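In what follows, chains are A, B, ... by sequence order, proteins preceding strands, each numbered from 1. These figures come from a predicted structure and were not determined experimentally.
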Number of protein chains: 2
Amino acid sequence: MQVSSCNISDCFLCSSCLPEWKALVEVKKTTLRFKKGAQIFGEGGKVTGIYFLYSGSVKVHKEWGEQKELIIRFAKKGDILGHRGMGSDPIYPISATALEDVKLCFIDNAFWEATMKSNHALTHKLVQFYAVELQQAEKRMRNLALMEVNARIADALLEMKEIWGVNSEGYISVPVARRDIAAYAGTIYETVFKFLSELTQKKIIATSGKSIRIIDEEKLKQHIKTKKSIG
Amino acid sequence: MQVSSCNISDCFLCSSCLPEWKALVEVKKTTLRFKKGAQIFGEGGKVTGIYFLYSGSVKVHKEWGEQKELIIRFAKKGDILGHRGMGSDPIYPISATALEDVKLCFIDNAFWEATMKSNHALTHKLVQFYAVELQQAEKRMRNLALMEVNARIADALLEMKEIWGVNSEGYISVPVARRDIAAYAGTIYETVFKFLSELTQKKIIATSGKSIRIIDEEKLKQHIKTKKSIG
DNA sequence: CGTCATGTTGACATTTCTCAATCCTAGTGG
DNA sequence: CCACTAGGATTGAGAAATGTCAACATGACG
């Protein structure tokens with residue numbers, strides 16, 4: 001973990017019209033770096049501050065027991081991490097792990113709290129940000145409960161494309177292990193494997209190791225159906 | 001829908017140490033009333049303001065298609081409703097329906113926004129509130145993805161008891177239709193029915209119509225296990 | 001008393017997970 | 001350079017969980 005100057009041109013808040021935020025981060029020129037696979041913070045750990053993802057991609061996940069995890073969301077550069085810890089209980093309810101090498105801006109608690117008190121625009125923006133996060137969490141809740149497994153996997157692919165975009169060859173920019181896709185879709189590795197094979201055979205997607213290219217987005221979307229008469 | 005004076009002694013924010021909030025609501029003496037079963041606001045509707053539940057209980061739910069719904073959470077008096085609409089898009093992502101007759105304080109958008117700008121303490125409190133909601137949503141996401149059906153039903157019962165408490169006879173204060181329990185647990189009516197019958201037979205719970213009494217909380221908790229090796 | 005809605009139950013179909021066998025691939029030591 | 005092994009990828013058979021459906025019971029209500 002090195003510390004260096006933080007270029008914030010891509011940060012969530014400042015890029016969304018908040019010069020105050022730029023000023024904030026320039027006061028705290030703290031950049032943390034983590035290697036691919038490293039844990040940025042862990043469920044149950046003490047909340048020490050809030051992170052802004054400057055570059056790289058991250059999975060935010062929640063464990064249950066030893067071998068079970070659910071990936072709550074994927075984060076890309078510009079996203080905020082650790083804001084779930086701002087409730088009354090200063091313990092992280094989730095973990096964040098780097099999927100690629102990442103660079104983050106770190107703002108410690110005291111500084112962040114002080115800034116929120118003095119900077120209305122920032123706080124107001126933050127409220128909006130939370131509202132959007134909450135909407136997404138609830139949409140995902142519905143998907144996990146109401147969609148069939150294959151639909152959830154298809155949805156995961158589309159989400160990843162949406163979040164990270166594609167590279168020059170059309171592959172989703174961040175390669176993700178099948179195990180992680182499973183952990184995101186709430187299913188097991190084998191099921192993901194079989195469905196991706198099927199999609200490849202039907203030429204709806206193409207894979208190259210962990211890289212995935214969506215060939216026929218329309219057909220992929222047709223797999224997204226709800227199941228049964230819940231409720 | 002009548003309008004009358006609003007007694008706010010039980011509202012979430014003021015009961016949690018915010019005299020400013022008391023002042024706020026006293027300015028807007030607006031109480032709305034809804035009958036049991038009435039919809040307070042609907043998914044897709046335009047966001048006109050934010051609600052504080054003064055009395056009664058509410059289900060917050062998200063639809064998919066005609067016949068499928070997932071209950072996101074149950075709300076009790078003192079809770080906030082409609083705060084998910086505070087994002088950039090002024091459309092409710094969820095619906096709220098009264099489970100009993102309810103009384104709400106309603107604050108329109110303009111007034112609320114103005115208050116947030118001038119009242120730091122309130123806004124700060126709100127950020128904490130959002131963080132907690134987000135944590136709960138993510139916990140629920142994990143439960144829906146990782147727990148087996150019976151475990152989710154057991155969990156639903158415990159949640160309802162936690163949220164609403166029990167009456168003098170030990171029954172969960174708010175009677176909930178089995179269909180709603182199913183919609184909360186992400187399963188179908190018949191499955192809930194069968195599991196509740198089984199629990200009744202084992203004398204872990206007792207039911208009287210829609211009212212449910214948890215007899216042996218320990219045994220009920222033993223049903224809460226995760227399934228398989230997700231991820 | 002008839003009818004409709006809802007509760008209750010069981011048989012069955014489907015989905016999805018579990019497990020284990022086999023197949024690769026890369027790295028290792030001879 | 002080649003067998004050898006470990007670990008992950010791939011696949012299929014079968015089990016278990018859970019949803020579907022349909023039949024029957026019960027109770028509310030006109």
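Atom CZ in A/Arg179 sits about 8 Å away from atom C1' in D/dG8, given to the nearest Å. Summarising the geometry, the separation between CZ on A/Phe195 and P on D/dT11 is reported as 16 Å, rounded to the nearest angstrom. Here C/dT15 presents its P atom at 14 Å from NZ of A/Lys194, a figure rounded to the nearest Å. Separating the CD atom of A/Glu198 from the C1' atom of D/dT10 is a distance of 15 Å, rounded to the nearest angstrom. The interatomic distance linking B/Ile188 (CD1) with C/dT8 (P) rounds to 15 Å, in whole Å. Taking atom CG of B/Leu146 as the reference point, atom C1' of D/dA17 lies 16 Å away to the nearest angstrom. Across the protein-nucleic acid pair, A/Met147 atom CE and D/dG19 atom P stand 16 Å apart, rounded to whole Å. Between the NE2 atom of A/His223 and the P atom of C/dT16 there is a distance of 13 Å, rounded to whole Å.
Here D/dT18 is the nucleotide among C/dG7, D/dT18, D/dG19 with the atom lying nearest to any side-chain atom of B/Glu148. Counting only heavy atoms from C-beta on, B/Phe193 has its side chain closest to C/dT9 among C/dT9, C/dC17, D/dG19. Comparing C/dT8, D/dT20, C/dT18 by their nearest atom to the side chain of B/Arg178 picks out C/dT8. Comparing D/dG12, D/dT20, D/dT10 by their nearest atom to the side chain of A/Tyr189 picks out D/dT10. Comparing C/dT9, D/dT18, D/dA13 by their closest approach to the side chain of B/Val149 singles out D/dT18.
Taking a cutoff of 4.0 Å between a charged side-chain nitrogen and a carboxylate oxygen, B/Glu63 and A/Arg142 do not qualify as a salt bridge.
For the pair B/Thr191 and D/dG19, the criterion of a side-chain N or O lying under 4.0 Å from OP1 or OP2 is met. Between B/Thr187 and D/dT18 there is no side-chain N or O to OP1 or OP2 distance below 4.0 Å.
Annotation: cation-pi geometry not satisfied between B/Arg178 and B/Tyr189 (NZ/CZ under 6.0 angstrom from ring centroid, within 45° of ring axis). A cation-pi contact links B/Arg140 to B/Tyr184, judged by a cut-off of 6.0 Å to the six-membered ring centre and 45° from its axis.
Residues passing the salt bridge (Lys or Arg N to Asp or Glu O under 4.0 Å) test with B/Lys161, sequence neighbours excluded: B/Glu217.
Counted by atom type alone, B/Glu100 and B/Ser57 present one or more donor-acceptor pairs between their side chains at under 3.5 Å.
A donor-acceptor contact under 3.5 Å is formed by the side chain of B/Glu190 with the base of D/dC21.
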